[in-house]
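To start, the structure itself, in structure tokens.
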Amino acid sequence: MKARRPEPAEIEYKNMRFLITDRPSDSTLDKFIEELQKHGARHVVRVCDPTYSKEKLENKGIDVMDWQFDDGNPPPKDVVGHWFNLLKTSFKEEPGCCVAVHCVAGLGRAPVLVAIALMEAGMKYEDAVELIRRKRRGAINSKQLSYLQHYRPKSRLRNRSNRNGHAQCLIL
């Protein structure tokens with residue numbers, strides 16, 4: 001009997017929405033596209049080896065970014081940099097939009113990227129992991145958990161302006 005993978009999970013925090021899924025194949029791509037459209041995802045980040053052609057998604061107006069890294073590991077610095085550039089641009093241009101991310105099962109690499117985004121937006125790592133695990137049971141292995149525990153956010157996704165568009169002053 002084949003193991004069932006978890007359903008796609010939408011993670012929402014502040015003006016950000018993420019869709020964590022397992023990887024589709026060419027035979028399941030139509031269902032995958034339907035799921036992306038249901039959540040309004042216009043970007044897909046693929047962090048595992050490709051198992052489907054990007055052409056069908058691109059024809060539907062969905063961009064696919066290939067930022068593979070090794071299974072069971074935390075993301076390398078270049079992937080983290082690309083990830084934050086995508087998120088800053090996406091959430092600035094369209095607050096509340098949805099960015100989809102997948103690895104093979106949607107339990108390791110993809111959830112870690114979402115967790116660091118939540119942390120950069122102000123969430124504690126324990127809360128980020130708990131939120132993701134509530135929707136993706138079994139997500140994030142011990143090596144990745146240690147990475148998140150030692151990750152030091154630089155507030156890359158925090159909203160730094162007030163309602164008037166001016167930088168806020170902080171008196172210490």
Side-chain angles (χ1 to χ4, degrees), residues 1-13 16-94 96-121 128-129 131-133 135-148 151 156-157:
M1 188 168 153
K2 190 174 179 179
R4 256 190 81 169
R5 292 191 174 152
E7 291 294 315
E10 185 175 301
I11 307 294
E12 193 170 351
Y13 183 66
M16 304 181 305
R17 290 183 344 164
F18 301 95
L19 185 66
I20 302 172
T21 73
D22 60 359
R23 82 173 157 196
S25 63
D26 281 326
S27 65
T28 62
L29 200 53
D30 289 334
K31 186 175 188 314
F32 182 67
I33 291 170
E34 281 178 32
E35 193 69 32
L36 295 174
Q37 290 173 329
K38 181 172 106 178
H39 292 274
R42 294 187 19 237
H43 304 287
V44 173
V45 175
R46 178 165 57 182
V47 295
C48 57
D49 292 328
T51 53
Y52 59 91
S53 170
K54 297 196 255 186
E55 187 177 330
K56 213 173 200 179
L57 283 102
E58 290 169 345
N59 289 340
K60 298 279 186 181
I62 300 168
D63 297 323
V64 179
M65 276 58 68
D66 282 312
W67 301 331
Q68 291 91 357
F69 60 96
D70 293 337
D71 188 20
N73 287 312
K77 286 182 181 181
D78 65 322
V79 169
V80 172
H82 293 313
W83 174 244
F84 287 122
N85 288 337
L86 170 68
L87 299 182
K88 283 191 262 187
T89 302
S90 298
F91 297 134
K92 182 178 181 180
E93 289 175 0
E94 191 182 344
C97 71
C98 185
V99 174
V101 57
H102 75 79
C103 48
V104 174
L107 295 173
R109 292 170 277 188
V112 167
L113 284 177
V114 172
I116 62 173
L118 297 173
M119 291 166 63
E120 288 287 351
V129 170
L131 174 61
I132 292 166
R133 284 182 170 171
K135 300 206 176 191
R136 297 293 287 183
R137 194 168 153 214
I140 307 173
N141 68 27
S142 60
K143 185 177 185 179
Q144 294 161 333
L145 191 61
S146 176
Y147 167 80
L148 293 173
Y151 182 84
R156 292 183 263 200
L157 297 177

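Because the structure is predicted, anything quoted here is derived from the model rather than measured. The basis for the numbers below is simple: all heavy atoms, side chains too, and nothing from hydrogens, waters or symmetry mates.
- Distance alone, capped at 3.5 Å, is enough to place a donor-acceptor pair between the Arg109 side chain and the Phe69 backbone.
- Proximity of Cys98 to Glu12: side-chain heavy atoms (C-beta onward) are nowhere separated by under 4.5 Å.
- Two residues are said to be in side-chain contact when any heavy atoms from C-beta on lie closer than 4.5 Å; Lys56 and Asp30 meet this criterion.
- Looking only at distances, a side-chain donor or acceptor of Arg136 sits under 3.5 Å from a matching main-chain atom of Gly106.
- The two residues Gly72 and Asn141 come nearest to each other via the heavy atoms O-ND2, 3.2 Å.
- In this structure, the side chain of Ser146 does not engage the main chain of Lys143 through any donor-acceptor pair within 3.5 Å.
- Using a distance-only test at 3.5 Å, with no hydrogens or angles considered, no donor-acceptor pair links the side chain of Arg46 to the main chain of Asp66.
- Ion pairing between a basic and an acidic side chain is recognised when a charged N comes within 4.0 Å of a carboxylate O; Lys31 and Glu34 show no such pairing.
- Across every non-hydrogen atom of Ile140 and Pro111, the tightest pair is CG1-CB, 3.8 Å.
- Between Leu86 and Met65 the shortest side-chain heavy-atom distance falls below 4.5 Å.
- Once rounded to the nearest 0.5 Å, the distance linking NZ of Lys38 with CD of Glu10 reads 9.0 Å.
- Looking only at side-chain heavy atoms (C-beta outward), Leu113 and Val79 come within less than 4.5 Å of each other.
- Of the inter-residue distances, the one linking Leu57 atom CG with Glu55 atom CD reads 10.5 Å to the nearest 0.5 angstrom.
- Nearest heavy atoms, Asp22 versus His102: O-CB, 3.7 Å.
- In this structure, the side chain of Gln144 does not engage the main chain of Pro74 through any donor-acceptor pair within 3.5 Å.
- Distance OH/Tyr52 to CG/Leu29: 7.5 Å, rounded to 0.5 Å.
- Considering only heavy atoms from C-beta on, Cys103 stays 4.5 Å or farther from Asp71 through its side chain.
- When all heavy atoms of Thr21 and Pro8 are compared, the closest pair comes out as CG2-CB, 3.7 Å.
- Between atom SG of residue Cys97 and atom CZ of residue Arg17 there is a gap of 7.5 Å, rounded to the nearest 0.5 Å.
- Considering CZ of Arg42 and NZ of Lys60, their distance stands at 15.5 Å, rounded to 0.5 Å.
- What you find for Gln68 and Cys48 is that their closest heavy atoms are CG-O, 3.0 Å.
- Here His43 contributes atom NE2 and Glu94 contributes atom CD; the two are 7.5 Å apart, rounded to the nearest 0.5 Å.
- Phe18 and Phe91 have perpendicular rings, their planes meeting at more than 60° on a 0 to 90° scale where under 30° would count as parallel.
- Shortest non-hydrogen contact noted between Ala139 and Arg133 is O-NE, 2.8 Å.
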